[in-house]
Colleague: 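One structure is given below, represented as structure tokens, and several questions about it will come after.
Keep in mind the model is a prediction, meaning the values are calculated, not measured. In listed order, ligands and their atoms are each counted from 1.
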Amino acid sequence: MTVKLKDKEFVPFISAESIDQRLKILGAQISKDFKNDNPILLGVLNGSFMFLSDLAKYIDIPSEFTFVKLSSYSGENSTGKVKSLIGLDSDLKGRKVIVVEDIVDSGLSMSHLLEILQTKEPLDISIVSLLFKPEALKFPVEIDYVGFEIANKFVVGYGLDYDGLGRNLPSIYQLK
Ligand code: IMP
Ligand code: MG
């Protein structure tokens, strides 16, 4: 079934079941890789709210969860401008940090975020992104855990929005 958000139509792309299956695997990998590290998972709002809350249920090791915001995006394309980081209330010094993103598109937001996070002197930083568009990457970032590699097409749902709408869709839709 297609979904209409404002002027655009979207078609089903990744089902809730596929997402759940993938998260189970990602959660198990992260739990294994960070077994004795008490990592801090840092969700990037708003897009990662649903992803991190579901992923967290599959992480079965001592771990902490917090959210930050780095807002830079409106409409369909990256603006090329990134604002500052807000909401970081945890001390990252000496910690293993896992950044949790909804999607890495051009990589601008992520590379900017990494720059800021490095100044907090974490032990190391890993990245988990639900979606990754390899063809869109302009700012090289290495993603440690990718949910799904997708084509360079606009998607919504499961936290991702089009002009503020569509975040509540339980699965992912692609622009028709
Ligand atoms: P980047 O800086 O170009 O990598 O863009 C990163 C941010 O843009 C993501 O965290 C999303 O919030 C947003 N974004 C990029 N591609 C899409 C998309 O296809 N749908 C919805 N939001 C997107
Ligand atoms: Mg985002």
Colleague: Hey, which atoms in ligand 1 end up nearer than 4.0 Å to a heavy atom of Glu101?
Modeller: 10 (O)

Colleague: Does ligand 1 have an atom that lies less than 4.0 angstrom from a heavy atom of Met110?
Modeller: no

Colleague: So, does Leu160 sit close enough to ligand 1 that a heavy atom of it is under 4.0 Å from the ligand?
Modeller: yes

Colleague: Atom 15 (C) of ligand 1: which of Asp105, Leu175, Asn152 has the nearest heavy atom?
Modeller: Asp105

Colleague: Report yes or no: does a heavy atom of His112 sit under 4.0 Å from some atom of ligand 1?
Modeller: no

Colleague: Is Gly107 in polar range of ligand 1, meaning some N or O pair under 3.5 Å apart?
Modeller: yes

Colleague: Counting heavy atoms only, which part of Leu131 comes closer than 4.0 Å to ligand 1: side chain, backbone, both or neither?
Modeller: neither

Colleague: Could you pull out all donor-acceptor pairs under 3.5 Å where a side-chain atom in residues 165-176 meets a protein atom, sequence neighbours excluded?
Modeller:
| from | atom 1 | to | atom 2 | distance (Å) |
| --- | --- | --- | --- | --- |
| Arg167 | NH1 | Gly159 | O | 2.9 |
| Arg167 | NH1 | Asp161 | OD1 | 3.3 |
| Arg167 | NH2 | Asp161 | OD1 | 3.2 |

Colleague: Looking at every non-hydrogen atom in both residues, tell me the closest pair between Leu130 and Asp102 and how far apart they are.
Modeller: CB-O, 3.3 Å

Colleague: Tell me whether Val44 reaches ligand 1 (any heavy atom closer than 4.0 angstrom to a ligand atom).
Modeller: no

Colleague: Within ligand 1, which atoms have a heavy atom of Val155 less than 4.0 Å away?
Modeller: 18 (C), 19 (O), 20 (N), 21 (C)

Colleague: Under a 4.0 angstrom heavy-atom cut-off, which atoms of ligand 1 come close to Asp161?
Modeller: 21 (C)

Colleague: Between atom CG of Asn152 and atom CG of Asp105, what is the distance when rounded to the nearest 0.5 Å?
Modeller: 6.5 Å

Colleague: Just so I know, are the side chains of Gln118 and Ile125 near enough to count as touching, which here means a heavy-atom distance under 4.5 Å?
Modeller: yes

Colleague: Roughly how far apart are Phe154 CZ and Lys133 NZ, rounded to 0.5 Å?
Modeller: 6.5 Å

Colleague: With side chains defined as the heavy atoms from C-beta onward, is the minimum distance between Leu117 and Leu92 less than 4.5 Å?
Modeller: yes

Colleague: If I take atom CG from residue Leu52 and atom CG from residue Asp54, how far apart are they, to the nearest 0.5 angstrom?
Modeller: 9.0 Å

Colleague: Throw together a table of side-chain donor-acceptor distances under 3.5 angstrom for residues 33-44, partners on residues two or more places apart or in other chains.
Modeller:
| from | atom 1 | to | atom 2 | distance (Å) |
| --- | --- | --- | --- | --- |
| Asp33 | OD2 | Tyr145 | OH | 2.6 |
| Asn38 | ND2 | Glu64 | OE2 | 3.2 |

Colleague: Numbering the atoms of ligand 1 from 1, which are under 4.0 Å from a heavy atom of Ser106?
Modeller: 1 (P), 2 (O), 3 (O), 4 (O)

Colleague: Atom CG in Leu113, atom OG in Ser84: separation rounded to 0.5 Å?
Modeller: 11.5 Å

Colleague: Taking 4.0 angstrom as the limit and counting only heavy atoms of Lys133, give me the atoms of ligand 1 inside it, by number and element.
Modeller: 16 (N), 17 (C), 18 (C), 19 (O)

Colleague: Closer than 4.0 Å to some heavy atom of Leu108 - which atoms of ligand 1 meet that?
Modeller: 2 (O), 4 (O)

Colleague: Would you say ligand 1 has an N or O under 3.5 Å from any N or O of Phe154?
Modeller: no

Colleague: Only heavy atoms count here, so choose which of Ser109, Gly159, Ser129, Ser48 is nearest to atom 6 (C) of ligand 1.
Modeller: Ser109

Colleague: With rounding to the nearest 0.5 angstrom, report the NZ to OG distance, Lys96 to Ser63.
Modeller: 14.0 Å

